[in-house]
Number of protein chains: 2
Amino acid sequence: MDTYEIRLIPAEEFQRINQKPLARADRLQLLADMCRANALATVKRAGSGHLGSSLSSLDIVTQLYFDEMNLAQAGIDHPDRDIYFSSKGHDVPGHYAVLYALGIIPRERFINLRRLGGTHGHPDLNVPGMEANTGSLGMGISKAKGMAWAKAFKGHDGRVFVMTGDGELQEGQIWESLQSTAHQQINNVSVIVDGNKFQSDKMLDEIVSLGDLQSKFQAFGWYVERCDGHDFEAMAGVFERFKTISDKPKVLIADTVKGKGISFMEGPVAVKNGDGIYRWHSGAPGDDDFVAGYAELIERINVRLSSLGLKELRSEVIDTKAKNRERLKDTAEKVVTAFGEALVEVGKEREDVIVLDADLSADCGLRPFETTFPERFIESGIAEQDMVSAAGGLALQGLLPVVNSFGVFLASRANEQIYTNTTEKTKIIYVCHYAGLIPAGPGKSHQSLRDISLFGALPKMTILEPCNAVETREALRWCVNEADHSCMLRLIISPSPRTITLPDDYRFKPGQGTILHDGRDAVMFAYGPVMLNEALTAADILKTKGLSLKVVNLPWLNTVDHDWLKTTIADCGYLFTLDNHATYGGLGDNVLNALADSGSIAGRRLEKFGIDEIPACGTPPEALRFHRLDGQSLADRILAGMGRTSD
Amino acid sequence: MDTYEIRLIPAEEFQRINQKPLARADRLQLLADMCRANALATVKRAGSGHLGSSLSSLDIVTQLYFDEMNLAQAGIDHPDRDIYFSSKGHDVPGHYAVLYALGIIPRERFINLRRLGGTHGHPDLNVPGMEANTGSLGMGISKAKGMAWAKAFKGHDGRVFVMTGDGELQEGQIWESLQSTAHQQINNVSVIVDGNKFQSDKMLDEIVSLGDLQSKFQAFGWYVERCDGHDFEAMAGVFERFKTISDKPKVLIADTVKGKGISFMEGPVAVKNGDGIYRWHSGAPGDDDFVAGYAELIERINVRLSSLGLKELRSEVIDTKAKNRERLKDTAEKVVTAFGEALVEVGKEREDVIVLDADLSADCGLRPFETTFPERFIESGIAEQDMVSAAGGLALQGLLPVVNSFGVFLASRANEQIYTNTTEKTKIIYVCHYAGLIPAGPGKSHQSLRDISLFGALPKMTILEPCNAVETREALRWCVNEADHSCMLRLIISPSPRTITLPDDYRFKPGQGTILHDGRDAVMFAYGPVMLNEALTAADILKTKGLSLKVVNLPWLNTVDHDWLKTTIADCGYLFTLDNHATYGGLGDNVLNALADSGSIAGRRLEKFGIDEIPACGTPPEALRFHRLDGQSLADRILAGMGRTSD
């Protein structure tokens, strides 16, 4: 079997280099490249993570921690410490590598990126050295401002540095915070823009250009410097000058290269080789790319060490894996793919369908529509509020907008805009992608477990989550052609281990679901590929315990046909609901209300399963087990709920 | 009895002036002042409304409709019409006056501002001539962009004009839309900034300064002009030049005077006379001020008419009212006042309490804290997202932020920021002011009927709404001193006709409520001054029908003590909940879940009352009756729910 190794450069090696009396640029360049290697290794081991911006920002982060800030000396809990955090947050594998190198994050946590008990896919205070939870864009300068205000109020020393992306500057909150920080004279804030000129997979200037950024910051009352974000001497000079500026908050526009340090991942080359698409923003590289990229880094480090008269790098194996294994996502059915195909289909049928995206076109399955109907595709950049209100304007002029983003962003950040559109009684289809707990690797900033509750109280809004490709097409077509009001379509982003099979007599009817597994002793209502898979697994396990569980797919999350419900539950006394969402406001509450309203609740017990805690970060099985929503846990909970013991 | 008249200048008078061959400035000045008089009359008749910015913007709106746009000729439904709407929306009394003058809004609707069946307190498509629903700030340019995109896509002619406030430019969405409109080359958008330099009641530069606005717009890629927004020739020149600019979207910064046209309401004078506070932003003027202001306008119009050789203005009486009547809000208890006092109290006890405001200090009862502890009061401007994330930064540094805004803005617009803060497990108190249906005059952009649902699925978040001054103090103190997690406090803004009286043995205990009116036949759970008043009225009505209703105040909106609940409902079979909120996610769902979980639901019927439609605009009695939530309707519904006829 062909295998490859994943190796770690241990923290001691960083100490060895850091203690040498090297020129600043030599020392920092070595440390940064060593962090690059470790970041690459952990992302590859995790199977996902954001490399492009980890690599573009790493020289800056290295400079800050190894040259500029007092944090390594003061300690991560000292009130007078300098504070650094990244507002964009997805560059965190690089940040972790620096904190590991400094001995702040222990080895075991560091190598377990995106694992339960390891480090989170986006910054989380649970991880040592992290100063804020980030990962949803645009909040960082506001938060840094609050920290700096508190430092002044409490009389604590220490500067506050916050990193933003350049694409992130499309978010409106950035400009709110630039205005208020300058007005409030909270001058102990230094923003560093990781200006790598790329977004998810396209050049920033193709998405929503920022124009003359320097003029913008100046017009907003900030002291602005610009330099090469890979030039350590230049950056040191900027930070030195920042110390002398006390009458304004400060921003450094750091010109960086996305993917810096691994030749074929570097922005300009990579996008040319990718036919205009940048492939290294998120997701682990393939096995061969990993091996090549890692070798390139190590070789450069060793050449440099040798030229400085230092001995070769020592590293250790942390994992050995088979090469080019088949992955679930390459073979399994994905509802988001089905959605993308169905979108092209309705686009062909109806000229009024306009698709809006907020820089997640590929992730949301929109590329087929984008390329087939470029004149009806509106790229909105990372500006969900603007996108939603613009959709409102389109709808007022008689068009049918289909608005896409991850649910956690769309449902919450643009919530008031969605509400306002709703009061205009136009029809808009909102698609909340990346719904639910899985994938759990990116963590709580990306897991959408509140979107149903955020749409639920809107007047006249049908909420749906389909369970497979067939139902996805039906659901979209129903929203487009049947609904006389706005709808929210909820879609998971990753494949489920099992493709849900619908019966031959399947019909897609408002408020009605489908029995996927018949049973007599209890009924479980669930929806979507992830949770139905677990429910069916639970049914199989329960069968071995002599308990017969009926599993019902109910894709209508705020509509229940009372007659259908009565027929479905028959004379069953034990009912369970399984939400890929908080239990508050989800399918469980919907079913409970339907039972109460239809007079079917007496003599029955309903138990609601869902995620009411902060969602866990980890692999899908880890996260499901943590929340006791995997098939085995569900089986145990159902037995317990029915007063039976599990064995 | 001393009385005063409210008079209307009929539409025919506008036609008379508009048809005369007058110089542009003479004609428009007359029309604008006549609109000022009518706007003032309708606001006074309504008892509320925004005069300051109606007056500052009226010359611009008059110029657009009577001189610039094709709408009056094309008709309000023509696809090639020019479009105008106001993003800020609270200047709508002035806008209505123009539309009435043009014969677009009929007389009866026009004179019934903020009444059911009349015109809305903020723009609504139900009112003829309105192009968008606005009133929550910052969405207008995005929406205008969508409209202009649609016009181009469909091949329709007509320009799109959108008015913004200057304070409104603190909202981040504005900058999102400025970036994307320029990038997407949607150049058929003309923004007009009503630059009146005031916000709710202070000068803009005191809240959050905009700095060099012209440079900002230019840096964002817009074509910028600036002129006196009361100079008709200058504005005509700008709009003429705008026609020649096809490669950029366009913005006119119109320098205006808040309260323009009524000497004592004009910004600079008014703020001097008000000791730094501008008093005419919202709310109707007092009787004497109204009479004086109206007389000043009419006199100026008549002098001008006379100098142009035209006959005196004809107007007609639409209302005669007694002078200086006592008003409910001057005498009744207000929970927001109690909150403000309690906030000062906890501020004295705890130095870590920091209060944040988003330009609604007076409305939210924050002025006492603001003046007592200016060093612990952070004015954030109209930038809720920035405010909430900044609060997150304060909390991370060990402070206890109390974050204030109207619920409809805070809970929705800053929802993702609140979520992110919650995941950091710091403690922050969010105060959602102006909760619920009442006052209903400002309309759906201000009525907060979804805030519980927007907070409900957050992990560990206690939600509370107190019923009177005593309970408000208890609730705030509990949030500050007892809770180990973040809380949301929900407060109504206007007084209720009845002060809720608590029993002598009243105790404020988590999950427990208080019986306000004992009864045997049915139990109603409600909360807050508005709905408890209606519930108690219903109980009185039902008593006359021989039905004994227990009315329970339950201020804990997502916490129910099961034992207390069982004791309270005793053996009663009919339960009702009354939400000042959508039934989805409100107290009703909370009680339903508690009944189901505690095994108390069998043999009982629960009916939930609340507001599941778009909230009505009107007087409190009109809105309550419209939603069938007034005491009489509730009594009828309870009887019907119990299978009895109402008489």
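Source: prediction; values computed, not measured.
In this structure, chain A has a heavy atom under 4.5 Å from the backbone of Glu379(B), while its side chain stays farther away. The contact between Ile614(B) and chain A is made by backbone and side chain atoms together, counting heavy-atom distances below 4.5 Å. Contacts between Lys216(B) and chain A at a heavy-atom distance below 4.5 Å involve backbone atoms as well as side-chain atoms. Neither the backbone nor the side chain of Asn590(A) has a heavy atom closer than 4.5 Å to any heavy atom of chain B. In this structure, no portion of Leu356(B) lies under 4.5 Å from any heavy atom of chain A. Neither the backbone nor the side chain of Glu607(A) comes within contact range of chain B; no heavy atoms are under 4.5 Å apart. Both the backbone and the side chain of Ala457(A) come within contact range of chain B, judged by heavy atoms closer than 4.5 Å. Proximity to chain A (any heavy atom under 4.5 Å) is restricted, for Asp612(B), to the backbone atoms N, CA, C and O. Thr422(A) touches chain B through its backbone: at least one of N, CA, C or O sits under 4.5 Å from a heavy atom, while the side chain does not. Heavy atoms of Leu396(A) lying under 4.5 Å from chain B belong exclusively to its side chain. Heavy-atom distances place both the backbone and the side chain of Ala219(B) under 4.5 Å from chain A. In this structure, the portion of Glu613(B) lying under 4.5 Å from any heavy atom of chain A is its backbone and not its side chain. Within the 4.5 angstrom heavy-atom criterion, only side-chain atoms of Ile378(A), from C-beta onward, approach chain B. With a 4.5 angstrom heavy-atom cutoff, Asp352(B) does not touch chain A via any of its atoms. Contact annotation for Pro401(A): neither backbone nor side-chain heavy atoms come within less than 4.5 Å of a heavy atom of chain B. With a 4.5 angstrom heavy-atom cutoff, Glu384(A) touches chain B only via backbone atoms. Heavy-atom distances place the side chain of Leu125(B), and not its backbone, under 4.5 Å from chain A. There is no contact between Gln214(B) and chain A, counting heavy-atom distances below 4.5 Å. For chain A, the nearby part of Phe153(B) is the side chain; its heavy atoms alone come within less than 4.5 Å. With a 4.5 angstrom heavy-atom cutoff, Ile418(B) does not touch chain A via any of its atoms. Using a 4.5 Å cut-off between heavy atoms, Leu169(B) touches chain A through its backbone atoms (N, CA, C, O) alone. When heavy atoms are compared at a cutoff of 4.5 Å, Thr583(B) does not approach chain A at all.
Between Pro123(A) and Lys444(A), the closest heavy-atom pair is O-NZ, 3.3 Å. Pairing each heavy atom of Thr577(B) with each of Gly588(B), the nearest pair is OG1-CA, 3.2 Å. The heavy-atom pair separating Ala150(A) from Gln397(B) by the smallest distance is CB-CB, 3.4 Å. Taking every heavy atom of both residues into account, Leu204(A) and Gly167(A) meet most closely at CD1-N, 3.4 Å.
For Arg604(A), the salt bridge (charged side-chain N to carboxylate O under 4.0 Å, His left out) criterion is met by no residue, not counting sequence neighbours. Residues forming a side chain to side chain donor-acceptor pair (under 3.5 Å) with Gln185(B) (at least two apart in sequence, or on another chain): Asn187(B).
For the set Ile611(A), Asp124(A), Ile141(A), Val408(A), the count of heavy-atom pairs under 4.5 angstrom toward chain B peaks at Val408(A). The candidate from Arg413(B), Lys145(B), Lys425(B), Gln170(B) with the greatest count of non-hydrogen atom pairs under 4.5 Å with chain A is Arg413(B). Here Leu399(A) is the residue among Asp212(A), Val160(A), Leu399(A) with the most heavy-atom pairs under 4.5 Å with chain B. Between chain B and the residues Gly586(A), Gly599(A), Ala383(A), the largest count of heavy-atom pairs under 4.5 Å involves Ala383(A). Of all the listed residues (Leu595(B), Leu592(B), Leu449(B)), the one sharing the greatest number of non-hydrogen pairs under 4.5 Å with chain A is Leu592(B). Among Gly140(A), Ala132(A), Pro79(A), Gly221(A), the residue with the largest count of heavy-atom pairs under 4.5 Å with chain B is Ala132(A). Ranked by heavy-atom pairs under 4.5 Å with chain A, the first of Ile186(B), Ile207(B), Leu178(B) is Ile207(B). Taking Ser180(B), Gly456(B), Gly381(B) one by one and counting their heavy-atom pairs under 4.5 Å with chain A, the maximum is reached by Gly456(B). For the options Ile354(B), Leu606(B), Ile174(B), heavy-atom pairs under 4.5 Å to chain A are most numerous at Ile354(B). Between chain B and the residues Ser209(A), Gly211(A), Ala582(A), the largest count of heavy-atom pairs under 4.5 Å involves Ser209(A). The residue among Ser215(B), Ser453(B), Ala602(B) with the most heavy atom pairs within less than 4.5 Å of chain A is Ser453(B).
Using a 4.0 Å cut-off between charged nitrogen and carboxylate oxygen, Lys143(B) and Glu131(B) do not count as a salt-bridge pair. Look at Asp579(B) and Lys608(B) and you find no salt bridge, because none of the NZ, NE, NH1 or NH2 atoms lies under 4.0 Å from a carboxylate O. We find that Glu351(A) and Arg376(A) are not joined by a salt bridge, their nearest charged nitrogen and carboxylate oxygen being 4.0 Å or further apart.
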Test log, rule side chain to side chain contact (heavy atoms under 4.5 Å, CB included), inputs Glu176(A) and Trp175(B): CA-CA 8 Å; Glu176(A) 292 182 357; Trp175(B) 305 96; 5.9 Å; no
Side chain to side chain contact (heavy atoms under 4.5 Å, CB included) evaluation trace for Thr181(A) with Trp222(A): CA-CA 9 Å; Thr181(A) 307; Trp222(A) 286 58; 3.6 Å; yes
Criterion side chain to side chain contact (heavy atoms under 4.5 Å, CB included) on Thr423(A) and Tyr419(A), from CA distance to verdict: CA-CA 6 Å; Thr423(A) 69; Tyr419(A) 168 66; 3.8 Å; yes
side-chain hydrogen bond (donor to acceptor under 3.5 Å, both in side chains) between Glu416(B) and Ser136(A), worked out: CA-CA 8 Å; Glu416(B) 199 187 6; Ser136(A) 174; 2.5 Å; yes
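For the atom pair CD (Gln417(A)) and CE (Met387(A)), the distance works out to 10.5 Å, reported to the nearest 0.5 Å.
Taking 4.5 Å as the limit, some side-chain heavy atom of Arg450(B) sits within range of a side-chain heavy atom of Asn415(A).
For the 3.5 Å distance criterion, the side chains of Ser142(A) and Asp386(B) qualify, holding a donor opposite an acceptor. Side chains of Thr420(A) and Asn133(B): no donor on one and acceptor on the other come within 3.5 Å. Under 3.5 Å, the side chains of Ser448(A) and Asp451(A) contain a donor-acceptor pair of N or O atoms.
Ring geometry, His122(A) versus His446(A): the interplanar angle falls under 30°, so the pair is classed parallel (tilted spans 30 to 60°).
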